[in-house]
Amino acid sequence: MGRSRRTIPEELLLLALDPATGTTAQPQSLDLGLAGAQLVELALAGRIAPDGDRIAVVLPRPTGDPTLDSALELLRRRGSPVRAVHWIGGPRLGLRQTYLTHLERCGMVHAVENQMCGVLPTTRYQATDNAVSRQIRARLDTAIRTGTPPDARTAALAALAHAVGLGKHLYPGNEGRSSRSRLRDLIRHDPMGGLVAHAVMDVQNGVAGQAAAARRPQQSGARKPGRAPAPAPAMAGVGQSSQSIGDPSRRRGVTRAAVRPSLSH
């Protein structure tokens, strides 16, 4: 897969980035969106394809993008098509930071050291050149304004932007209501983007956890009477309170457990 253009995960992250503050809109759902955006990018590269509500590997050959290839290999190891909602709802620790590090290496963002409450060191990322983000935004604006069916990449990006809640960030207030509605409507122009976007929204609504509970075998006597069921494990990117795009691993004294794969053009 050529690296001459930005991938959909990169574009989604740049759309969410506030050029002035270095924070992201919808940071919790954005992590789910990045996992979904990887699926769309792999589909556009011909490596995977939708199979009903599942994702099937059709060509396991590496793309040349280390992060995408890691996701492709995990899908291949499943051995059978996996439901999109289960894939997106799985742990994706460090995925956002992986893409931030890549964008920083490419010179598209730069790290700004700061302090939270004047004490705790944090790192935020600001766009080096806002022209790139404006170009991405212009593609969405054109599709919304003209009503002309967009290309598959733009349609998928629009679907994911809607799914993670970026509509109110891109088109705020009452005056942006019609644009948000048309952004949502673009979801129908790309089958894979639509499948993934609906899966992202389902995960946010807890559908993945409900489906997993339904599949769990019932074992008589496995639970003592009166004992409440153990809560389902939290999904990566859901329920996090940080509003900064900065990664906690950049803070002094904090150790990240995840291994970040490197990306290169």
>> Donor-acceptor pair, distance only, cut-off 3.5 Å: does the side chain of R54 make one with the backbone of D51?
In response: no
>> Contact between L15 and L170 at the side-chain level, heavy atoms closer than 4.5 Å - yes or no?
In response: yes
> With distance as the sole test, does T146 use its side chain to make a donor-acceptor pair with the main-chain N or O of T142 at under 3.5 Å?
Replying inline: yes
>> Test side-chain hydrogen bond (donor to acceptor under 3.5 Å, both in side chains) on T154 and D151; report intermediate values, then the result.
In response: CA-CA 5 Å; T154 301; D151 62 273; 2.9 Å; yes
>> S178 and side chain to side chain contact (heavy atoms under 4.5 Å, CB included): which single residue from E175, R182, R180 fits?
In response: R182
> With a 4.5 Å heavy-atom cut-off, do H110 and V112 have their side chains touching?
Replying inline: yes
>> On a heavy-atom basis, which atom in G167 and which in L183 lie closest, and how many Å separate them?
In response: CA-CD2, 3.9 Å
> Which heavy atom of A156 sits nearest a heavy atom of V40, and at what distance?
Replying inline: CB-CG1, 3.4 Å
> Does D69 use its side chain to pair, donor to acceptor, with the backbone of T63 at less than 3.5 Å?
Replying inline: yes
> Which heavy-atom pair separates V82 from R78 by the least distance, and what is that distance?
Replying inline: CG2-NH1, 3.0 Å
>> What's the separation between atom CZ in R6 and atom SG in C106, rounded to the nearest 0.5 Å?
In response: 10.5 Å
>> Using 0.5 Å steps for rounding, measure from the CD atom of E11 to the CZ atom of R139.
In response: 4.0 Å
>> I need the minimum non-hydrogen distance between G46 and V58, along with the two atoms involved.
In response: O-CG2, 3.4 Å
> Has the side chain of Q26 got a donor or acceptor atom that lies under 3.5 Å from a matching backbone atom of A161?
Replying inline: no
> Step by step, would you call Y99 with Q38 a side-chain contact (heavy atoms from CB on, under 4.5 Å)?
Replying inline: CA-CA 11 Å; Y99 279 106; Q38 286 188 311; 3.2 Å; yes
>> Less than 4.5 Å apart, side chain to side chain, heavy atoms only: is that true for P9 and L12?
In response: no
>> Test your reading of the model: is there a side-chain donor-acceptor pair from R47 to the backbone of L72, 3.5 Å cut-off?
In response: no
> Would a 4.5 Å heavy-atom cut-off, applied to side chains only, mark L75 and L42 as touching?
Replying inline: yes
>> So L186 and L157, do their side chains get closer than 4.5 Å, heavy atoms only?
In response: no
> Taking the side chain from E41 and the backbone from I8, do they hold a donor-acceptor pair closer than 3.5 Å?
Replying inline: yes
>> Restricting to non-hydrogen atoms, name the atom on L30 and the atom on A16 that form the minimum distance, rounded to 0.1 Å.
In response: CD2-CB, 3.9 Å
>> L13 and side chain to side chain contact (heavy atoms under 4.5 Å, CB included): which single residue from V109, T7, L100 fits?
In response: L100
> Rounded to the nearest 0.5 Å, how far apart are CZ of R153 and CD1 of I136?
Replying inline: 10.5 Å
> How long is the gap from CD1 on I88 to CE on M201, to the nearest 0.5 Å?
Replying inline: 10.0 Å
>> Strictly distance-based, threshold 3.5 Å: is any side-chain N or O of T128 a donor or acceptor partner for the main-chain N or O of G107?
In response: yes
> Under a 4.5 Å cut-off applied to non-hydrogen side-chain atoms, are L95 and T67 in contact?
Replying inline: yes
> Can Y125 and Q97 be said to form a side-chain hydrogen bond (donor to acceptor under 3.5 Å, both in side chains), step by step?
Replying inline: CA-CA 10 Å; Y125 292 83; Q97 182 59 35; 3.0 Å; yes
>> Are S133 and L14 packed together at the side-chain level, in the sense that at least one heavy-atom pair is separated by less than 4.5 angstrom?
In response: yes
> Closest heavy-atom contact between M192 and A43?
Replying inline: CG-CB, 3.6 Å
> Cation over ring, R137 on Y171, under 6.0 Å and within 45°?
Replying inline: yes
> Distance from L140 atom CG to Q135 atom CD, nearest 0.5 Å?
Replying inline: 12.5 Å
>> Using only atom types and a distance under 3.5 Å, with no angle test, would you say the side chain of T98 pairs donor to acceptor with the backbone of G94?
In response: yes
>> If you define the side chain from C-beta out and look only at heavy atoms, does anything of V85 sit under 4.5 Å from D53?
In response: no
